[in-house]
Amino acid sequence: MIHIEPELLNRVNKWLTPAFDADTQTYIKDLIATNPKELKEAFYKDLEFGTGGMRGIMGIGTNRINKFTLGRNTQGISNYLHQAFPGEKLKVAIAFDCRHNSKTLAKVVADVFSANNIEVFLFEDLRPTPELSFALKHLNCHSGIVLTASHNPPEYNGYKVYWQDGGQLVPPQDSEIIKEINNLDYAEIKFKANEELIKYIGKEVDDVFIDASIKNGSFETSAKAKDDLNIVFTSLHGTSITLFPDTLERAGYKNVHVVEEQRVPNGDFPTVKSPNPEEPEALKMALELADKTNADIVIGTDPDADRLGVAVRDLDGKMIILNGNQTMVLMTDFLLKQWKDSNKLNGKEFIATTIVSTPMVAALAKSYNTDCKIVLTGFKWIAKMIKDFPNQDFIGGGEESFGYMVGDFVRDKDANTSSLLAIEIAAQAKANGSSLYQELIKLYVKHGMYKEHLISLTKKGIEGAQEIKQMMIDARENPLKEVNGSKVTKIEDYQLSTTKDVISGKETTIDVPKSNVLIYYTEDGSKIALRPSGTEPKIKFYISVNTSLDNVSAFEATEQKLKNKIEAIIKDLQLN
């Protein structure tokens, strides 16, 4: 007889009650009899909200994405909406991506909201995540949901929650809603839809979203410059195919080559190992097409079209992929320059970035005498800054993980608008005898050269989660004293909300919400951050180094010097 721990058995037995359908109960009984390891993985905990909402493997169980876990979330949010907006006619918007079961689960979510007397605007078919943020505000909704797991593997799906301002859940609503959900019994979920309250939306929202993207992402580029730019685009089997080609066409870009093998949305992502533009392999087919067509720029977006990958030609004419920090630096400087040239900079605006992104963004802001707000990882915190500082104008902001947001018409990272912006910068640079890559080097000469590298260690399952937890405990209890021969001078601990000056021993308070992040700063200007992912079974190490760059001709030698330094840090930290 297979032994099952009493606590686990208690969790499982709740799913063997009449609140759950016969097929679910049969599946669970089979797991009990034949696969106790999978049973434990599926039920040992409840799925949790992380930096990008809730993501998990699809299947039966409390630690899986299914109609019951999402139904319970939705019932909790419904209850909370009625409490937060008493007497109001409540409205929500729902979108979904290309993943398996996304459309079905989106309808389940719509059913539960409607059963709770909440009007639902449900997209008729898959759409990019940023369009949900836009639609929520455009339709004056109280909340919004996207069914997506971004760039996670095919077996994953997810549930992102947005609030009135179009941004993702932040304090205090997040903890209050989670408390409401946790107090719910599965038998309390109202699954029976009120179809009269469900309205399907599509092209009418697409059109105004595209117009807004063009308004925010294009800047008087000449028709000739647009015609001269040769573009390759891939949607990586995701949702951007529904909008981005139309956005480019309406913005005046006609010289566009789409990677046809990756055009059709497909939750299996059959042509890539991972549909993540952060991974060079994901853009392999696009780069091959770029060489065939002699393209100037490649744009690739992740499945829910909030992240973008950009590849351009280097000084030798070879296509290379820019990292998220580099695209963020280029976009931020371009936007700041546009605002300056239009006499819109008045000291009451700001840009934003995150604690694990390149310090170069702050240097850019300083050069334009503009405020730079540095927040926790995740665009929900950037969106919160817009809400928290209503007397300041938000110009743009991004993070190292290939996400950027232009203006405040969308309150989440937005590959549709930021891809158009990258293309605008490239078109204007080419028209002026330069290139995107050359523009980046010019910024390095002006502000110093920064180079970043990310190491992600995957630790799956219960044992992996414990291993990640222990790694963070060890890093706190036995902090680094030096990295690659350079003394650690400052340690920021966002879980303890403290900054420690290692030299003087003085501690100060960090005035941001708590987060499980630890950052070391060294004497030579290096920065090393440790952060467990909130959406994937990974612990991430972010490395940043910098030095001065005297002139363009010294770029390659300086870049190699920084590469060598990063390799030495990786070796010293035993991450290779």
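The first residue of the sequence shown is numbered 1, and numbering continues consecutively from there.
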**OP:** Decide side chain to side chain contact (heavy atoms under 4.5 Å, CB included) for I65 and M54; before the verdict, give the C-alpha distance in whole Å, the side-chain angles of both, and the deciding distance to 0.1 Å.
**Re:** CA-CA 9 Å; I65 294 287; M54 176 183 280; 4.3 Å; yes
Subject >> Any donor-acceptor pair under 3.5 Å from S357 side chain to E400 backbone >> reply: yes
Subject >> SB check K160 D412 (cutoff 4.0 Å) >> reply: yes
Subject >> Residues which pass salt bridge (Lys or Arg N to Asp or Glu O under 4.0 Å) with E492, listed by chain and number, not counting sequence neighbours >> reply: K490
**OP:** Decide whether T104 and N101 meet the rule of one side-chain donor and one side-chain acceptor closer than 3.5 Å.
**Re:** no
Original post:
Can you list the steps and then say if I32 with L39 is a side chain to side chain contact (heavy atoms under 4.5 Å, CB included)?
Top reply: CA-CA 7 Å; I32 293 171; L39 183 77; 3.9 Å; yes
Original post:
Is D206 salt-bridged to R127, going by a charged N under 4.0 Å from an acidic O?
Top reply: yes
Original post:
Does any donor atom in the side chain of E41 or N63 lie under 3.5 Å from an acceptor atom in the other side chain?
Top reply: no
Original post:
Is R11 close enough and on-axis enough to Y44, meaning under 6.0 Å and within 45°, for cation-pi?
Top reply: no
Original post:
Does a side-chain N-to-carboxylate-O contact under 4.0 Å join D46 and R72?
Top reply: yes
Original post:
Between I299 and S419, which heavy-atom pair has the shortest distance, and what is it?
Top reply: CG2-OG, 3.4 Å
Original post:
Do the side chains of I77 and I145 get nearer than 4.5 Å, heavy atoms only?
Top reply: yes
Original post:
Is there side-chain contact between L147 and L70, with at least one heavy-atom pair below 4.5 Å?
Top reply: yes
**OP:** Go through the steps to decide whether L420 and L248 satisfy the test side chain to side chain contact (heavy atoms under 4.5 Å, CB included), and finish with yes or no.
**Re:** CA-CA 7 Å; L420 175 60; L248 284 181; 4.3 Å; yes
Original post:
Hey, what's the ring geometry for W163 with Y80, parallel, tilted or perpendicular (30° and 60° as the breaks)?
Top reply: tilted
Original post:
Between the side chain of S114 and the main-chain N/O of N194, is any donor-acceptor distance below 3.5 Å?
Top reply: yes
Original post:
So, the side chain of T62 versus the backbone of K45: is there a donor-acceptor pair under 3.5 Å, distance only?
Top reply: yes
Subject >> Exercise: identify the closest heavy-atom pair between L530 and M472 >> reply: O-CE, 3.9 Å
Original post:
Going by atom types only, do T234 and Q262 share a side-chain donor-acceptor pair under 3.5 Å?
Top reply: yes
Original post:
Taking the inter-plane angle between the rings of Y186 and F68 on a 0 to 90° scale, is it parallel (under 30°), tilted (30 to 60°) or perpendicular (over 60°)?
Top reply: perpendicular
Original post:
Within the side chain of E349, is there an N or O that forms a donor-acceptor pair under 3.5 Å with the backbone of T370?
Top reply: no
Original post:
Residues in side-chain hydrogen bond (donor to acceptor under 3.5 Å, both in side chains) with E7, at least two apart?
Top reply: none
Original post:
What residues form a side-chain contact (heavy atoms from CB on, under 4.5 Å) with K29, not counting sequence neighbours?
Top reply: L16
Subject >> Polar side-chain atom of T354 near backbone of V375 as donor-acceptor pair, under 3.5 Å >> reply: no
**OP:** State whether a side-chain donor-acceptor pair under 3.5 Å links N416 with S213.
**Re:** yes
Original post:
Do the side chains of Y159 and V109 get nearer than 4.5 Å, heavy atoms only?
Top reply: yes
**OP:** Under the ring pair (Phe, Tyr, Trp, His ring centres under 6.0 Å) rule, collect the residues that match up with F96, sequence neighbours excluded.
**Re:** none
Original post:
Are R64 and E38 close enough for a salt bridge, meaning some N to O gap below 4.0 Å?
Top reply: yes
Original post:
Considering residues, nucleotides and ligands other than K91, do more than 12 of their heavy atoms fall under 6.0 Å from its NZ?
Top reply: yes
**OP:** Assign the ring pair F43 / W15 to parallel, tilted or perpendicular, where the plane angle (0 to 90°) is split at 30° and 60°.
**Re:** perpendicular
Original post:
Taking only residues at least two apart or on different chains, which pairs with a member in residues 135-145 satisfy side chain to side chain donor-acceptor pair (under 3.5 Å)?
Top reply: E88-H142
Original post:
Is there a donor-acceptor contact under 3.5 Å from the side chain of D21 to the main chain of T24?
Top reply: yes
**OP:** Check whether any side-chain heavy atom of P537 lies under 4.5 Å from a side-chain heavy atom of K459, and answer yes or no.
**Re:** no
**OP:** Would you tell me whether E176 and Q83 have side-chain atoms, one donor and one acceptor, within less than 3.5 Å of each other?
**Re:** no
**OP:** Taking atom types as modelled, find out whether Y404 and T417 have a side-chain donor-acceptor pair closer than 3.5 angstrom.
**Re:** no
Subject >> Cationic N near anionic O, under 4.0 Å, K215 to D211 >> reply: no
Original post:
What's the verdict on side chain to side chain contact (heavy atoms under 4.5 Å, CB included) for D414 and F134, showing C-alpha distance, side-chain angles and the deciding distance?
Top reply: CA-CA 10 Å; D414 172 13; F134 175 83; over 6 Å; no
Original post:
Who pairs with W339 by ring pair (Phe, Tyr, Trp, His ring centres under 6.0 Å), at least two apart in sequence or on another chain?
Top reply: none
Original post:
Taking atom CD of Q470 as the centre, does the number of heavy atoms from other residues, nucleotides or ligands within less than 6.0 Å exceed 12?
Top reply: yes
**OP:** Check G309 against F402 and note the closest heavy-atom contact, atom names and distance.
**Re:** CA-CD2, 3.8 Å
**OP:** Return yes if some donor-acceptor pair links the side-chain N/O of T458 with the main-chain N/O of K538 below 3.5 Å, else return no.
**Re:** no
**OP:** Could you walk me through whether E195 and K107 pass salt bridge (charged side-chain N to carboxylate O under 4.0 Å, His left out), step by step?
**Re:** CA-CA 11 Å; E195 296 291 349; K107 182 59 167 64; 2.9 Å; yes
Original post:
Would a distance-only check, ignoring hydrogens and angles, find a side-chain to backbone donor-acceptor pair under 3.5 Å from N325 to T358?
Top reply: yes
Original post:
Would you find a donor on one side and an acceptor on the other, under 3.5 Å apart, between the side chain of Q168 and the backbone of F379?
Top reply: no
**OP:** Could you tell me which non-hydrogen atom of T148 sits nearest to which non-hydrogen atom of T129, and how far apart they are?
**Re:** CG2-OG1, 3.8 Å
**OP:** Let me see the working for F394 and F350 under ring pair (Phe, Tyr, Trp, His ring centres under 6.0 Å), right down to the final yes or no.
**Re:** CA-CA 5 Å; F394 176 69; F350 73 97; 5.3 Å; yes
Original post:
Is R99 salt-bridged to D304, cutoff N-O under 4.0 Å?
Top reply: no
Subject >> Member of E124, E119, E204 meeting the salt bridge (charged side-chain N to carboxylate O under 4.0 Å, His left out) criterion with K199 >> reply: E119
**OP:** Could you pull out the closest heavy-atom pair between A415 and P130, with the gap in Å?
**Re:** N-CG, 4.4 Å
Original post:
Closest heavy-atom contact between F269 and P154?
Top reply: CD1-CG, 4.0 Å
Original post:
Between the main-chain N or O of C98 and the side-chain N or O of S102, is there a donor-acceptor pair closer than 3.5 Å?
Top reply: no
